[in-house]
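Here is the structure we will look at.
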Amino acid sequence: MAVENKRPLAKDALAFAQMRGEAADDVVAAVVDGQLKDWRDPIPEGASVRLVHLNDPEALQVLRHTAAHLLAQAALRLFPGTKLGTGPATQEGFYYDMAFETPLTQADLPALEAEMQHIVTERLPIDRREVSREEALELFAQQPFKCEIISGLPEGARITVYTQGGFTDLCAGPHVQHTGQVGALRLLSLAGAYWRGKAGNPMLTRVYGTAFADETALARHLEMTEEAKRRDHRVLGRELKLFTFVDEAPGMPIFLPNGMALRNTLESFWREEHRLAGYQEIRTPMMMNRSLWERSGHWDHYKDNMYFTDVEGVPYAVKPMNCPGAILAYQSESHSYRDLPLRYAELGLVHRFELSGTLHGLLRVRAFTQDDAHLFVTPDQMEAELARVLELVDHIYRVFGFPYRVELSTRPQDAMGSEELWERAEAALKQVLEERAVPYTLNPGEGAFYGPKIDFHIQDALGRFWQCGTVQLDFQMPEKFAIEYIGEDNQPHRPIVIHRAIFGSIERFIAILTEQYVGAFPLWLAPVQVKVLPIASAHEAYARHVAQYFVEHGLRAVADLRDGKIGQKIRQAELEKVPYMAVVGNKELDSQSVAVRKRGVGDVGPQPYRAFTEELLDEIRRQRQRREAK
RNA sequence: GCCGAUGUAGCUCAACCGGCAGAGCACUGGUUUUGUAAACCAGGGGUUGUGGGUUCGAGUCCCACCGUCGGCUCCA
C-alpha cells in the first residue's frame, strides 16, 4: 500500500526545482551543502543546493539502491517467505543479501530479473515514511534480520521506511522518485555472504546486479567487464607461459621460464636499487625450530597460518615471515652504534596457510617471496630512516608508473606489548607521513600483532587496490630477543626494528604488472625481448648468429627456426607479445642487418644488427631508470 | 573455512532423455623453401579430477573427498 505523508515536508528538491522553473521529473536527489540527500528531504534555508538529475554521475548510486529494492521486491513476489538482509549500492552496481527457503540457483536469476523489469514498467511511486521503533518492529515482524537492525539502532535514531507498491523496506535512502527511473538493469551473479559480514553468522545468499539510467550505459559497462576478463593475469599467465598451478600444491605457483625471466629482472633491479640505498642482502632458513617461533610470538599470534613439521622428533615451523631469521643474523655478532642503521634485505620465500576459498592466482597464494628488509636503528635514527624508506618506495613505484594509496594501520585486538610503546610507534609513523605531506587514510585496528604499519596499495588496471608495500615499526621483536648495540656511553641499548617490503610479494607484484600491461611488458621486463625470424631455411645460420649476438650482449633473444612461413612466425611472436622481431632474409644477410618489426606497430625498417642491439640496450636502460621529472 | 557453481586431450570447448568419447589449436612425421598476423597431408594423444554407489549399461544420476571459479571472511 502506498503511504501518504501526513505532514507535507517543508520544501523538498522537487519543489525546489519547480520554484526555479526547472523540470522536476528526472530529479532523483540533491547535493545539499556538499552531501548527497534524498530529494524528499527538506532543504534548509540558505543551504547550497545542486539538484541531481537521472543522468548525473551521483544519480547512479541512488538508482542502484532503488534497484536493490526492486530485487528484494521481486524476490518476495516470486519466493514469499524470503528473509531480507541488506541491499546496498556498490561501486559497480548493487546487491541484496537474502535467506531463501529453498536455495536460489543461477537458473533462478532470469525469472527474478524479469520480475524486476516488470516492476520497472509498473512505474510504482516510491514513498518515504518515518516510523517509531515500535512501529518498525511491528512492520517487519516477519523479517528477523530487519528486526535485528532496528533493535541495534541507537536511542532516538530516525527510522525511515520506503514503500513501492505493496513492498516496504527499512532503509535510510536515498531513492529515486518511481521504479520506472531504473532504466536498465541486469542480475549478474550469486554468492554467499555472512550476515553482517561476520564469519560466525548465518550465510545469506547475495544476488549481485548492476543498473544504469539507460541500456546504452549498461551495455558499455558489460563490455568493460568483458575487457577486464581479457586482462586477468591468470589467463595471461597461462597464455604467455609465465606460471602454472597444479592440484598437488594449491596456492603455490610454479614459475615457468618466461615468468622466471620476468621475476629475475625484477629481482636484479631490486638488488641494484637496494645496493645503492645502503642495504646488505642476507638469506635465512626456510624452517627453524618451533621454539624460535614460540619466542617471537608467532606461535601465539600466527600459529593458524603456519605449516609445521617434525624432523627426528624435533618440531620445526616453516617460516611465515622473515623477521626472526633477520634477528638471528643481527645477533651473529656484537654491534656498535657506529654500525647503525644496519639494513638487512632478504628476498625471503614465506609460506602461509590461507583458507582455500581465498586463493586467487598470484594475487593470493600460500607461498610467496617477500622483498623484505629489516632495519636496525637507534631511537634517534628512526624517523630519518622511515623517511628514507618512503623515498625508496616512491622511487621504485615510479619506475612502473603506478599510482598508489597509503594507509596507516594501528593497534589490533590481539596486539603484543604495552600500549605505551604502541602509541609511540603509531605517533612516529604518523609524524613521518605528515612531515612529508603524504596523503593517507587511517585503518584502525589493522596493524600487525607486533607493531603498526604504513601500507601501500597499488591500483591495478581495473581499479582494484592491492596491498603491496608495507612499512612496519617493531619494538617487540627486539625485546623478545633482547638484541642490543653498544652506545657511545659504552652501555648496551636496544635498537628498534623497521620491517619493510616494497613489492610486497614478488608474486602479487607480477600479477599486477601483468594486468597493468595486459601481458605486453615493456622491453626491459619482457621475458623474450627480441625474436629472430628467418624467412627460409637458408637464413637459419644467420638467424642463429644474430640471436647469439643479441644474447651475448645481454638481451633475452631467441630464434624461431621452425619450418614455416614468415607470416606464421610473426603471428606467433605477436601473440606472445614479444616487443621486437628481427626478420632476416637474403637482403639482411647481405647487409648484415635485420628488418625490425615492433610489437603492435609493424615493420619499422631495416637496421644493422649491431646498431639495433645498442638501441635496445639503451631503451632498456632508460625504462629501468625512468624518473618523473620533479 | 563458509555459500553457490564447476571439473571431458597440453589449451579452448562438443558429446540429445543414461547407450561405441569428438573438434579446433598445440604436439610428432612428411611435403613445402616461403618477405611482415595462421601453407598442405598424415599421425599420436583420454581409466572423462579421485574414490564409492545406483543401473544390463554412467562423461551424463547419487554420495564423499580434492581442485578451480564467483563471492563472504581473511590477507602480501
Side-chain angles (χ1 to χ4, degrees), chain A residues 95 97 99-100 103-109 188-208 232 234-235 238-239 241 244-251 304-305 320-321 348 350 352-372 409 446 448 453 455-458 466-470 472 501-509 511-512 533-540 563-576 581-588 595-606:
Chain A
Y95 64 80
D97 287 345
F100 291 90
L104 195 75
T105 70
Q106 204 83 34
D108 296 317
L109 292 187
L188 299 170
S189 62
L190 272 177
Y194 295 109
W195 166 237
R196 300 201 140 174
K198 285 233 185 82
N201 283 349
M203 177 74 58
L204 305 182
T205 304
R206 176 171 295 180
V207 181
Y208 279 95
D232 192 319
R234 291 166 301 182
V235 176
R238 183 172 44 237
E239 285 172 0
K241 301 181 188 175
T244 188
F245 285 93
V246 294
D247 288 359
E248 287 80 359
D304 292 347
N305 287 296
M321 296 185 195
V350 297
R352 297 181 183 175
F353 172 76
E354 302 289 354
L355 296 176
S356 57
T358 66
L359 302 178
H360 186 89
L362 287 185
L363 285 168
R364 191 76 196 283
V365 291
R366 286 180 175 155
F368 59 99
T369 303
Q370 289 184 307
D371 63 320
D372 220 340
S409 298
E446 296 297 318
K453 53 181 188 169
D455 290 329
F456 298 84
H457 297 250
I458 298 181
W466 293 91
Q467 185 184 327
C468 291
T470 182
Q472 314 181 348
I502 297 178
F503 294 146
S505 116
I506 308 272
E507 289 75 8
R508 176 172 287 182
F509 202 78
I512 289 179
L533 311 178
I535 298 285
S537 53
H539 316 115
E540 233 183 82
D563 176 14
K565 292 182 126 172
I566 194 66
Q568 189 205 5
K569 294 177 188 178
I570 284 166
R571 178 181 154 80
Q572 180 159 347
E574 288 279 355
L575 290 175
E576 288 167 356
M581 283 149 266
V583 177
V584 294
N586 286 329
K587 282 182 280 183
E588 290 74 22
V596 179
R597 185 188 163 98
K598 205 169 170 170
R599 170 185 66 198
V601 175
D603 193 350
V604 293

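Naming convention: chains lettered A, B, ... in sequence-line order (proteins, then strands); numbering from 1 in each chain.
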TODO: Please state the P separation for the pair B/G44 and B/G7 - nearest whole angstrom.
DONE: 28 Å
TODO: Answer with base, sugar-phosphate or nothing: what part of the nucleic acid does A/Asn586 contact at a heavy-atom distance below 4.0 Å?
DONE: base
Task: Syn or anti for B/C62 (syn when the glycosidic angle lies within 90° of 0) - done: anti
Task: C1' spacing across the pair B/C75 / B/G1, given as an integer number of angstrom - done: 14 Å
Task: Gap between atom CH2 of A/Trp466 and atom CZ of A/Arg364 - 0.5 Å precision - done: 8.5 Å
Task: Expected output: side-chain A/Arg508 to main-chain A/Gln467 donor-acceptor under 3.5 Å - done: yes
Open item on the list: Need one value for A/Ile570: base, sugar-phosphate or nothing, where a base atom within 4.0 Å counts as base even if backbone is also close, heavy atoms only.
Closed with: base
Open item on the list: Counting the atoms with a prime plus P, OP1 and OP2 as sugar-phosphate, which does A/Tyr208 contact under 4.0 Å by heavy atoms, base, sugar-phosphate, or nothing?
Closed with: sugar-phosphate
- [ ] Look at all strands and tell whether A/Val365 reaches a base, only sugar-phosphate, or nothing, counting heavy atoms closer than 4.0 Å.
- [x] base
Task: Rounded distance (nearest 0.5 Å) linking atom CZ of A/Arg599 with atom CD1 of A/Ile570 - done: 15.5 Å
Open item on the list: Rounding to an integer number of angstrom, what distance separates B/U36 and B/U8 when you compare their C1' atoms?
Closed with: 39 Å
TODO: Scan A/Lys598 against the nucleic acid and name what it touches under 4.0 Å (heavy atoms): base, sugar-phosphate only, or nothing.
DONE: nothing
Task: B/A26 versus B/G19 - spacing of their P atoms, nearest Å - done: 33 Å
Open item on the list: Judged by each residue's nearest nucleotide on RNA chain B, which is more toward the 5′ side, A/Arg597 or A/Asp455?
Closed with: A/Arg597
Open item on the list: Going 5' to 3' along RNA chain B, between which two nucleotides do contacts with chain A fall, using a heavy-atom cut-off of 4.0 Å?
Closed with: B/G1 to B/A76
- [ ] Remember a base hit wins even if backbone is also touched, and classify A/Gln106 as base, sugar-phosphate or nothing at under 4.0 Å, heavy atoms.
- [x] nothing
Task: Distance between C1' atoms of B/A9 and B/G45 (Å, rounded) - done: 6 Å
TODO: Under 4.0 Å between any heavy atoms, over every strand shown, what does A/Asp563 touch: base, sugar-phosphate, or nothing? Just pick one.
DONE: base
Task: Approximate separation, where rounding is to 0.5 Å, of A/Leu204 CG and A/Tyr194 OH - done: 11.5 Å
- [ ] Determine the contact category for A/Gly585: base if any of its heavy atoms lies under 4.0 Å from a base atom, sugar-phosphate if only primed atoms, P, OP1 or OP2 are that close, otherwise nothing.
- [x] base
Open item on the list: Taking B/A23 as the reference, what is the distance to B/A15 when you measure between their C1' atoms (whole Å, please)?
Closed with: 11 Å
- [ ] Could you tell me whether A/Arg599 contacts a base, only the sugar-phosphate backbone, or nothing, with contacts defined as non-hydrogen atoms closer than 4.0 Å?
- [x] nothing
Task: Expected output: side-chain A/Glu574 to main-chain A/Gly600 donor-acceptor under 3.5 Å - done: yes
Open item on the list: Could you check whether any side-chain N or O of A/Asp372 sits under 3.5 Å from a backbone N or O of A/Gly348, counting only pairs where one atom can act as donor and the other as acceptor?
Closed with: no
Open item on the list: Between A/Glu588 (side chain only) and A/Gly585 (backbone N and O only), is there a donor and an acceptor less than 3.5 Å apart?
Closed with: yes
- [ ] Name the nucleic acid region contacted by A/Arg508, choosing base, sugar-phosphate or nothing; use a 4.0 angstrom heavy-atom cut-off, strictly under.
- [x] base
TODO: Mind checking A/Lys198 for me? I need base, sugar-phosphate or nothing, with any heavy atom below 4.0 Å counting as a touch.
DONE: nothing
TODO: Considering only atom C1', compute the distance from B/C16 to B/U28 and round it to an integer number of Å.
DONE: 36 Å
TODO: Could you measure between the two C1' atoms, the one in B/G29 and the one in B/G35, and give it in whole Å?
DONE: 27 Å
Task: Test item: A/Glu354 side-chain N/O and A/Val365 main-chain N/O as donor-acceptor pair under 3.5 Å - done: no
TODO: For A/Arg597 and A/Gly602, indicate whether the former's side chain and the latter's backbone hold a donor-acceptor pair under 3.5 Å.
DONE: no
- [ ] Could you tell me whether the side chain of A/Lys453 reaches within less than 4.5 Å of the side chain of A/Glu446, counting heavy atoms only?
- [x] no
Open item on the list: Counting Watson-Crick and G-U wobble pairs with both distances under 3.5 Å, what is the dot-bracket string for RNA chain B, 5' to 3', using [ ] for crossing pairs and | for pairs to another strand?
Closed with: (((((((..((((.....[..)))).(((((.......))))).....(((((..]....))))))))))))....
- [ ] Looking at every strand, decide which applies to A/Gly469 at a 4.0 Å heavy-atom threshold: base, sugar-phosphate, or nothing.
- [x] nothing
Open item on the list: Base, sugar-phosphate or nothing for A/Glu574? Non-hydrogen atoms, less than 4.0 Å.
Closed with: base
Open item on the list: Once you apply a heavy-atom cut-off of 4.0 Å, does A/Glu588 come out as touching a base, just sugar-phosphate, or nothing?
Closed with: base
- [ ] By nearest nucleotide on RNA chain B, pick out whichever of A/Asp603 and A/Gly197 is the more 5' one.
- [x] A/Asp603
Task: Sidechain-backbone polar pair: A/Arg352 side chain, A/Pro320 backbone, donor-acceptor under 3.5 Å - done: yes
